[in-house]
Colleague: 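Supplied in structure tokens, the structure appears directly below.
Only a predicted model underlies this, so the values are computations on that prediction, with no experimental measurement involved. For this chain, numbers begin at 1 and follow the sequence in order.
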Amino acid sequence: MKIGILGGTFDPPHRVHFNMAAAAKDALGLDVVYLMPCGTPPHKDGSRAASRFYRYEMCSLGAKEYPGVEASDFEIFLLAPNYSYRTLEWFSAEHPDDEITFLMGQDSLNMFLKWVHPEIIVKIARIGVFVRGDDSFEELKKEAQKEIDRITSSIGGDFSLIKITPSELSATEIREDIKKGIDVSEHLVPEVYEYIKSRGLYEDKMEMDYTEIEKTIKKKLKKSRYRHTMGVCYTACALAMRYDVDMDDARLAGLLHDCAKGMDDNELVRFCKKHDLGITEAEDKSPHLLHSKVGAYLAKKEYGIDDEEILHAITVHTTGCPDMSLLDMIILVADYIEPNRFEAPRLAEIRQMAFKDIISAIVMILDDTIFYVRERGMYMDPMTEETYVFYKKIIDEREEQESE
Ligand SMILES: [Fe+2]
Ligand SMILES: [Fe+2]
């Protein structure tokens, strides 16, 4: 099969991206072109990117309208910055019988020899270069050819040019327009547009950056709670490194997990009633549990976090829940083992286990929590037990399999 790869941030993917993929497919006779969103894109304007899952899903939704164009989740789990030669090495190892074409713009071509290991890239893939098909096309084509000659004389390679309809449209502009409330529907595939609207992506929600949030949290929390929060933050970062989870997400979730801890029980109950957040039987009996739910609400409304994964990790950080994401688990564990904690039994053991096998660490934490709560005759949130049963079963099944 002939496969084309078009990498990018795709935050969000717009018409020009899909048109480029379709043009490459037609011009080079490819069977499929993959839009391959990268893991954690740094935006030059400092704005936070939509989560990689959102960007991948938007690519998939948009691609439905373009036959032969698809989305690939190959890069979204890789930590940024990732180098193209590595992606191609891994991708080609998974597609040994396919012919791969790596697609790039003319700007990238001009910088290509400065990339990390361009000689590996040209060995693995053919290169397709987009050239703007406006009045200056012939001139641009000549420039591109000159650059290609320079590259091939140095490292070889098989390059082709792809003429595309020129456009000034950029994802940065689209994000800015959405923030200003300007209608951008003409630049997006309708399903992508709906996706962005329904999740409120890129809307202006007092976007604060990490440093601003940290300053606010410091003001709002007691000194000891702030110290604990920072402990959770860097422990969550370390665990994110270990388990290949987005470090920015882990850091933000850690920073905000106890952001409602400044409220006492009465305030938490009042807040939940006022904002219709609902109070379960367990929360009614132990109102302090509400700080997770209220924390997630504040994270969204006051700190502008729209990433559902982060909000979920904050929501479940006290009790956990069955089938947690890795980020959920990381925050729950970091909350328990961060360096300012000293009271729990088996801490040293759990701390080591957290970096070896996070599911075992979860089971140990919940086991100890349940024991502690029962021993003191305190009320047990059923969700803690449900989570324990769920993960204990995973461990038991694993052990059974290993002993077979
Ligand atoms: Fe908490
Ligand atoms: Fe905490």
Colleague: Does the N340 side chain pair with the main chain of R227, one donor and one acceptor, at a distance under 3.5 Å?
Modeller: yes
Colleague: Can R251 and E214 be counted as an ion pair, charged N to O under 4.0 angstrom?
Modeller: no
Colleague: Taking only residues at least two apart or on different chains, which pairs with a member in residues 113-133 satisfy ring-ring contact (aromatic ring centres under 6.0 Å, His included)?
Modeller: Y85-H117, F112-W115
Colleague: Is the closest basic N to carboxylate O distance between R346 and D368 below 4.0 Å?
Modeller: yes
Colleague: Do Y83 and E89 pair up side chain to side chain, a donor and an acceptor below 3.5 Å, judged on atom types alone?
Modeller: no
Colleague: For H317 and D258: C-alpha separation, side-chain torsions, deciding distance, then whether side chain to side chain donor-acceptor pair (under 3.5 Å) applies.
Modeller: CA-CA 9 Å; H317 87 266; D258 273 346; 3.1 Å; yes
Colleague: Looking at E212 and K215, does any basic side-chain N land under 4.0 Å from a carboxylate oxygen?
Modeller: no
Colleague: Using a distance-only test with no angle check, is there a side-chain donor-acceptor pair under 3.5 angstrom linking H291 and H257?
Modeller: no
Colleague: Does a side-chain N-to-carboxylate-O contact under 4.0 Å join R398 and D357?
Modeller: yes
Colleague: Name each donor-acceptor pair under 3.5 Å that joins a side chain in residues 31-38 to protein atoms two or more places apart or in another chain, with its distance.
Modeller:
unit_1: D31; atom_1: OD2; unit_2: K2; atom_2: N; d: 2.6

Colleague: Could you list the donor-acceptor pairs under 3.5 angstrom formed by side chains in residues 318-325, with sequence neighbours left out?
Modeller:
unit_1: T318; atom_1: OG1; unit_2: S292; atom_2: OG; d: 2.9
unit_1: S325; atom_1: OG; unit_2: L327; atom_2: N; d: 3.4
unit_1: S325; atom_1: OG; unit_2: D328; atom_2: N; d: 3.1
unit_1: S325; atom_1: OG; unit_2: D328; atom_2: OD1; d: 3.3
unit_1: S325; atom_1: OG; unit_2: D328; atom_2: OD2; d: 3.3

Colleague: Salt bridge (Lys or Arg N to Asp or Glu O under 4.0 Å) with E168: which residues, sequence neighbours excluded?
Modeller: R132
Colleague: Do any pairs count as a side-chain hydrogen bond (donor to acceptor under 3.5 Å, both in side chains) and have a residue in residues 269-279, sequence neighbours left out, and if so which ones?
Modeller: H275-Y297
Colleague: Tell me, please, which residues at least two apart from F355 pass side chain to side chain contact (heavy atoms under 4.5 Å, CB included).
Modeller: A238, L239, R242, I337
Colleague: Using the ring pair (Phe, Tyr, Trp, His ring centres under 6.0 Å) criterion, which residues pair with F137? Sequence neighbours excluded.
Modeller: none
Colleague: What pairs with D335 under salt bridge (Lys or Arg N to Asp or Glu O under 4.0 Å), at least two apart in sequence or on another chain?
Modeller: R341
Colleague: Rounded to the nearest 0.5 Å, how far does CD of Q352 lie from CG of L347?
Modeller: 12.0 Å
Colleague: Going by the rule salt bridge (Lys or Arg N to Asp or Glu O under 4.0 Å), which residues pair with K163 if we only count those two or more places apart in sequence or in a different chain?
Modeller: none
Colleague: For A236, what residues pass the side chain to side chain contact (heavy atoms under 4.5 Å, CB included) criterion, not counting sequence neighbours?
Modeller: A250, I330, I331, A334
Colleague: Can you tell whether the side chains of R374 and E385 come within less than 4.0 Å, N to carboxylate O?
Modeller: yes
Colleague: Could you tell me whether a side-chain N or O of N19 sits under 3.5 Å from a main-chain N or O of R15, the two making a donor and an acceptor?
Modeller: yes
Colleague: Would you say the side chain of E94 lies within less than 4.5 Å of the side chain of F74, judging by non-hydrogen atoms?
Modeller: yes
Colleague: Is R126 positioned over the aromatic face of F159, cation under 6.0 angstrom from the ring centre and no more than 45 degrees off axis?
Modeller: no
Colleague: Which residues pass the salt bridge (Lys or Arg N to Asp or Glu O under 4.0 Å) test with E386, not counting sequence neighbours?
Modeller: none
Colleague: Would you mind listing every salt bridge (charged side-chain N to carboxylate O under 4.0 Å, His left out) that reaches into residues 279-288, with sequence neighbours excluded?
Modeller: E281-K285, E283-K293
Colleague: Can you check whether L140's main-chain N or O pairs, donor with acceptor, with Q106's side chain at less than 3.5 Å?
Modeller: yes
Colleague: For D73 and I76, indicate whether the former's side chain and the latter's backbone hold a donor-acceptor pair under 3.5 Å.
Modeller: no
Colleague: Decide whether T9 and D11 meet the rule of one side-chain donor and one side-chain acceptor closer than 3.5 Å.
Modeller: no
